[in-house]
Protein chains: 2
Amino acid sequence: MGEERLSREAILTTALRIVDDEGIDALTMRRLAATLEVNPMSLYHHLPNKAAVLAGLAELVFAGLELPDPGDAVPWQEQLKDAARAYRNALRAHPNLALQVLSDTSAVSEVVVVVVEPFYRALDRGGLSPRQIFEAVNTIIDFIHGFALGETSVRSETFDLAPDLLTRVQDLPAGKAPTLARVVGELGPEGLAYDFDSGFESGLTVLTAGIAAGVRRGR
Amino acid sequence: MGEERLSREAILTTALRIVDDEGIDALTMRRLAATLEVNPMSLYHHLPNKAAVLAGLAELVFAGLELPDPGDAVPWQEQLKDAARAYRNALRAHPNLALQVLSDTSAVSEVVVVVVEPFYRALDRGGLSPRQIFEAVNTIIDFIHGFALGETSVRSETFDLAPDLLTRVQDLPAGKAPTLARVVGELGPEGLAYDFDSGFESGLTVLTAGIAAGVRRGR
DNA sequence: GTACATAAACATACAGCGTATGGAAAGGAG
DNA sequence: CTCCTTTCCATACGCTGTATGTTTATGTAC
């Protein structure tokens, strides 16, 4: 049977569709084979095992990743933020896969090499030393990973933390977390309504300011 | 059989030991029951299903979490860093469980309420507005989560990224990532040797500097 | 002491999983 | 035509979580 009804690429494409549509738990070898109208064991001719399928998915997602480089026309801080936004968007593109990608060490390091150049470009223009650049990029990428972790393990676009957090804080033994209680109280329910986009932006603001401060201080 | 040979607590304690010793994959209901010298189905009298076991583990880990509050003797920046270090250490205490905890939304929000007060205390002393505090804490916690994600999905205490990253960078098509290539080259292999502790510290430095900058600017 | 209610532990069984093994089928090469 | 290689399929094994029904041991009431 030299004719190939199956291919690594076709398998991964179908797998990605299953994950996108029904979540990571819906992806089983049997289910994948059924969708391709093929015997489960046929998959093992193109991919050695299920772990390879998952790794392949991570690869597939980031293979098509194009980072729009804003160029050197804008200030380096803005260039840095744009790189961060693009990377966050890449992690958001397949939310059901994000956790898998993030927790797969090899996928992360693969991705990081691909994605990291715009960060380095921006920070190099900012006048940081190689060591500073290296550490700043690690920091900002860790932030994006942590943010994506919270963002992708939740359904709604604008997730309202308010009721939950307010309730929890009020249920705490009095005096256990006084500052938290007071600050949350001053914010009020509408102040606590959490929007991922603006949360991400304020994180970027803090990070770029911190990096810039390190440069100014000449550290 | 009114006598209880089993209890929720005993089950979770044993489960935690299995996870710590042999990893999250080694924790199956059958294995857990065998370790307790009990029939698998007996577990279901104390916990409704396996997900409840995992959630219980997250709870268990953070129930014993005591955050040493450095008090107000030190500058608020140092107080903030200490809170961050303590939280990171909590996530490191059971590395095999960290990813599970981080990816479990309810565990995270549980944890965050418990853990967050020292952060709020420090930033309140720093003179930030409620809104600034809220956003700064989210940012720093996202950073810690992302850092922990990278840190706990890797074995060795001091993981040497150098050979991998260097190789990858050198294998890239020439001109694809020129800044990255140059900076990495200037750093050299010994400059790339990555130490998690100092990586975490430099992240904290950037973050506190960025937060302080926001305060100074009166935003 | 004896009957009963209750809770805990057990035995069995089922559907689903990843995948090892070995055989069938369909081309291309000599 | 024969053989070889590659792809695909059928079967099966050991494992998973857990639904279902039964047995057993205890605390309580009479």
Side-chain angles (χ1 to χ4, degrees), chain A residues 1-60 96-97 99-101 103-107, chain B residues 1-60 96-97 99-101 103-107:
Chain A
M1 202 184 279
E3 189 178 340
E4 313 177 4
R5 303 162 43 190
L6 236 45
S7 70
R8 193 187 119 99
E9 196 189 15
I11 293 174
L12 291 178
T13 303
T14 302
L16 183 57
R17 218 185 51 235
I18 293 176
V19 170
D20 282 346
D21 291 350
E22 307 174 43
I24 193 86
D25 288 343
L27 183 67
T28 70
M29 297 303 269
R30 288 172 150 93
R31 172 97 172 64
L32 180 53
T35 305
L36 288 159
E37 290 177 318
V38 116
N39 185 285
M41 292 316 292
S42 299
L43 303 175
Y44 288 85
H45 250 272
H46 304 268
L47 291 152
N49 51 46
K50 187 177 181 180
V53 176
L54 292 172
L57 286 182
E59 174 199 323
L60 185 64
N96 293 337
L97 200 57
L99 178 61
Q100 161 64 29
V101 170
S103 60
D104 180 345
T105 310
S106 67
Chain B
M1 204 184 275
E3 189 179 340
E4 312 178 5
R5 302 164 45 190
L6 236 46
S7 70
R8 193 186 120 99
E9 196 188 15
I11 294 174
L12 291 179
T13 303
T14 302
L16 183 57
R17 216 184 53 233
I18 294 175
V19 171
D20 282 346
D21 291 351
E22 306 174 44
I24 194 86
D25 288 344
L27 183 67
T28 71
M29 297 303 269
R30 286 173 153 92
R31 173 95 172 65
L32 181 52
T35 305
L36 289 159
E37 290 178 318
V38 115
N39 184 285
M41 293 314 291
S42 299
L43 303 175
Y44 288 85
H45 252 272
H46 304 269
L47 290 152
N49 50 47
K50 187 179 180 179
V53 176
L54 292 172
L57 286 182
E59 174 198 323
L60 187 64
N96 293 338
L97 199 57
L99 179 60
Q100 161 64 28
V101 170
S103 59
D104 180 345
T105 311
S106 66

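Each chain gets a letter, A, B and so on, in the order the sequences are listed, and its residues count up from 1. Values below: all heavy atoms of this structure, side chains included; hydrogens, waters and symmetry mates excluded. A quick note: this is a predicted structure, and the numbers were derived from the prediction, not measured.
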Looking at residues at least two apart in the chain, or sitting in another chain, which of them share a side chain to side chain contact (heavy atoms under 4.5 Å, CB included) with B/Ala52? B/Leu47, B/Pro48, B/Asn49
Name all residues meeting the side chain to side chain contact (heavy atoms under 4.5 Å, CB included) criterion together with B/Leu16; count only those two or more places apart in sequence or in a different chain, and write none if there are none. B/Asp20, B/Leu57, B/Leu60, B/Val61, B/His94, B/Leu97
For B/Ala55, all residues meeting side chain to side chain contact (heavy atoms under 4.5 Å, CB included), sequence neighbours excluded: B/Asp104
Distance in Å, A/Thr13 OG1 paired with A/Leu36 CG, rounded so as to fall on 0.5 Å steps: 9.5 Å
B/Asn49 atom CG is separated from D/dT16 atom P, nearest whole Å, by 17 Å
To the nearest Å, give me how far apart CG (B/Leu47) and P (D/dA19) are. 14 Å
Once salt bridge (Lys or Arg N to Asp or Glu O under 4.0 Å) is applied, do any residues pair with B/Arg8, and if so which ones, sequence neighbours excluded? B/Glu59
Here the residues of residues 19-43 of chain A within 4.0 Å heavy-atom distance, strictly under, of DNA chain C are A/Thr28, A/Met29, A/Arg30, A/Met41
Would you say a side-chain N or O of A/His46 is under 4.0 Å from OP1 or OP2 of D/dT6? no
Does anything in residues 28-45 of chain B form a salt bridge (Lys or Arg N to Asp or Glu O under 4.0 Å)? List the pairs, not counting sequence neighbours. B/Glu22-B/Arg31
Return the value, rounded to whole Å, for the distance between atom NE2 of B/His45 and atom C1' of D/dT23. 12 Å
Would you mind reading off the distance between B/Lys50 atom NZ and C/dG16 atom C1', rounded to a whole angstrom? 14 Å
